[in-house]
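Worksheet: the structure to be examined is printed underneath.
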Amino acid sequence: MNLATLPSWAFDIGAAGLAIAALVLAVWSVLPVAYARLAGTGAMLAFAAAAYLTGAADANAACEAATLRRQLEDAQSDNGALRRRIETVEAARRDDAARFAAGAAEDRRNQGKIDATPSNGSACLDRAAADRVRSVR
(Lines give C-alpha, C1' and ligand atoms only; values in the text may rest on other atoms or scores of the structure.)
Protein backbone atom coordinates (compact mmCIF):
# COMPACT_ATOMS: atom_id res chain seq x y z
CA MET A 1 0.00 0.00 0.00
CA ASN A 2 1.34 3.40 -0.98
CA LEU A 3 1.31 5.70 2.04
CA ALA A 4 1.25 8.79 -0.17
CA THR A 5 -2.30 7.95 -1.24
CA LEU A 6 -3.60 8.24 2.31
CA PRO A 7 -5.05 11.58 3.45
CA SER A 8 -3.07 13.49 6.05
CA TRP A 9 -5.68 12.95 8.78
CA ALA A 10 -5.08 9.18 8.51
CA PHE A 11 -1.44 9.76 9.42
CA ASP A 12 -2.51 11.92 12.36
CA ILE A 13 -4.86 9.23 13.68
CA GLY A 14 -2.18 6.56 13.28
CA ALA A 15 0.41 8.72 15.00
CA ALA A 16 -1.97 9.44 17.90
CA GLY A 17 -2.74 5.73 18.30
CA LEU A 18 0.94 4.82 18.28
CA ALA A 19 1.74 7.57 20.79
CA ILE A 20 -0.92 6.23 23.17
CA ALA A 21 0.41 2.69 22.71
CA ALA A 22 3.95 3.95 23.33
CA LEU A 23 2.85 5.64 26.56
CA VAL A 24 1.16 2.48 27.76
CA LEU A 25 4.23 0.42 26.93
CA ALA A 26 6.51 2.97 28.59
CA VAL A 27 4.48 2.79 31.80
CA TRP A 28 4.50 -1.01 31.60
CA SER A 29 8.27 -1.03 31.11
CA VAL A 30 8.90 0.71 34.44
CA LEU A 31 6.66 -1.63 36.40
CA PRO A 32 8.19 -4.74 37.95
CA VAL A 33 6.28 -7.18 35.71
CA ALA A 34 7.17 -9.79 33.16
CA TYR A 35 8.36 -8.59 29.76
CA ALA A 36 9.13 -5.10 31.08
CA ARG A 37 12.29 -4.86 28.99
CA LEU A 38 10.36 -5.96 25.89
CA ALA A 39 7.69 -3.35 26.68
CA GLY A 40 10.42 -0.67 26.84
CA THR A 41 11.70 -1.70 23.44
CA GLY A 42 8.16 -1.67 22.10
CA ALA A 43 7.62 1.79 23.58
CA MET A 44 10.73 3.13 21.83
CA LEU A 45 9.63 1.61 18.51
CA ALA A 46 6.09 2.97 18.93
CA PHE A 47 7.43 6.46 19.72
CA ALA A 48 9.68 6.29 16.65
CA ALA A 49 6.78 5.17 14.45
CA ALA A 50 4.56 7.93 15.88
CA ALA A 51 7.25 10.51 15.15
CA TYR A 52 7.63 9.16 11.61
CA LEU A 53 3.89 9.26 10.99
CA THR A 54 3.69 12.78 12.38
CA GLY A 55 6.37 13.90 9.94
CA ALA A 56 4.66 12.05 7.11
CA ALA A 57 1.38 13.73 8.04
CA ASP A 58 3.03 17.14 7.92
CA ALA A 59 4.64 16.41 4.57
CA ASN A 60 1.41 15.02 3.17
CA ALA A 61 -0.58 18.01 4.48
CA ALA A 62 1.91 20.38 2.83
CA CYS A 63 1.56 18.50 -0.44
CA GLU A 64 -2.24 18.56 -0.18
CA ALA A 65 -2.14 22.29 0.57
CA ALA A 66 0.04 22.95 -2.48
CA THR A 67 -2.29 20.91 -4.66
CA LEU A 68 -5.33 22.73 -3.34
CA ARG A 69 -3.57 26.06 -3.86
CA ARG A 70 -2.88 25.16 -7.51
CA GLN A 71 -6.48 24.04 -7.97
CA LEU A 72 -7.71 27.31 -6.44
CA GLU A 73 -5.46 29.33 -8.75
CA ASP A 74 -6.76 27.38 -11.76
CA ALA A 75 -10.36 27.88 -10.64
CA GLN A 76 -9.78 31.61 -10.11
CA SER A 77 -8.18 31.85 -13.55
CA ASP A 78 -11.12 30.03 -15.13
CA ASN A 79 -13.51 32.23 -13.17
CA GLY A 80 -11.75 35.35 -14.46
CA ALA A 81 -11.89 34.07 -18.03
CA LEU A 82 -15.60 33.33 -17.70
CA ARG A 83 -16.24 36.78 -16.21
CA ARG A 84 -14.44 38.39 -19.16
CA ARG A 85 -16.56 36.32 -21.57
CA ILE A 86 -19.72 37.41 -19.77
CA GLU A 87 -18.62 41.05 -19.97
CA THR A 88 -17.93 40.65 -23.70
CA VAL A 89 -21.33 39.07 -24.30
CA GLU A 90 -23.03 41.79 -22.26
CA ALA A 91 -21.24 44.49 -24.26
CA ALA A 92 -22.32 42.81 -27.51
CA ARG A 93 -25.90 42.56 -26.20
CA ARG A 94 -25.92 46.28 -25.32
CA ASP A 95 -24.55 47.14 -28.78
CA ASP A 96 -27.18 44.94 -30.43
CA ALA A 97 -29.94 46.60 -28.38
CA ALA A 98 -28.67 50.04 -29.39
CA ARG A 99 -28.53 49.02 -33.06
CA PHE A 100 -32.01 47.52 -32.83
CA ALA A 101 -33.38 50.72 -31.27
CA ALA A 102 -31.72 52.83 -33.99
CA GLY A 103 -33.09 50.51 -36.71
CA ALA A 104 -36.58 50.58 -35.20
CA ALA A 105 -36.49 54.40 -35.10
CA GLU A 106 -35.36 54.47 -38.75
CA ASP A 107 -38.18 52.05 -39.65
CA ARG A 108 -40.73 54.29 -37.90
CA ARG A 109 -39.40 57.36 -39.75
CA ASN A 110 -39.56 55.53 -43.09
CA GLN A 111 -43.08 54.26 -42.34
CA GLY A 112 -44.07 57.83 -41.49
CA LYS A 113 -42.70 58.98 -44.85
CA ILE A 114 -44.58 56.17 -46.60
CA ASP A 115 -47.78 57.09 -44.83
CA ALA A 116 -47.29 60.80 -45.64
CA THR A 117 -46.75 60.16 -49.37
CA PRO A 118 -49.96 60.91 -51.28
CA SER A 119 -51.24 58.28 -53.64
CA ASN A 120 -50.54 58.88 -57.35
CA GLY A 121 -53.54 57.97 -59.47
CA SER A 122 -51.76 58.59 -62.77
CA ALA A 123 -48.87 56.26 -62.13
CA CYS A 124 -50.20 53.49 -64.35
CA LEU A 125 -49.13 53.26 -67.97
CA ASP A 126 -51.70 53.27 -70.71
CA ARG A 127 -52.09 50.19 -72.92
CA ALA A 128 -49.80 51.41 -75.71
CA ALA A 129 -46.98 52.37 -73.30
CA ALA A 130 -47.23 49.05 -71.53
CA ASP A 131 -46.95 47.22 -74.88
CA ARG A 132 -43.89 49.27 -75.82
CA VAL A 133 -42.21 48.49 -72.47
CA ARG A 134 -43.05 44.79 -72.82
CA SER A 135 -41.50 44.60 -76.29
CA VAL A 136 -38.11 45.86 -74.99
CA ARG A 137 -35.79 42.96 -74.24
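One is the number of the first residue; the rest follow in order along the sequence.
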Ala19 versus Ala50, closest heavy-atom pair with distance: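 Closest approach of Ala19 to Ala50, heavy atoms only: N-CB, 3.9 Å.
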Which atom of Ala43 lies closest to which atom of Ala26, heavy atoms considered: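 That would be CB-N, 3.5 Å.
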How long is the gap from [atom1] on [X] to [atom2] on [Y], to the nearest 0.5 Å?
X      : Y      : atom1 : atom2 : result
Glu106 : Arg108 : CD    : CZ    : 10.5 Å
Gln76  : Asp78  : CD    : CG    : 10.5 Å
Asp131 : Arg127 : CG    : CZ    : 6.0 Å
Thr67  : Leu72  : OG1   : CG    : 12.5 Å
Glu64  : Arg69  : CD    : CZ    : 12.0 Å
Leu18  : Leu23  : CG    : CG    : 11.0 Å

Flag for Gln111-Asp107: side-chain donor and acceptor within less than 3.5 Å: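 The criterion, which ignores hydrogens and geometry beyond distance, is not satisfied for Gln111 and Asp107.
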Ionic contact status for Arg93 with Asp96, cut-off 4.0 Å: no
Presence of salt bridge, Arg70 and Glu73, under 4.0 angstrom: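 Arg70 and Glu73: not salt-bridged.
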Min side-chain heavy-atom separation Phe47-Leu25 under 4.5 Å: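 Result no, sub-4.5 Å side-chain heavy-atom pair not found.
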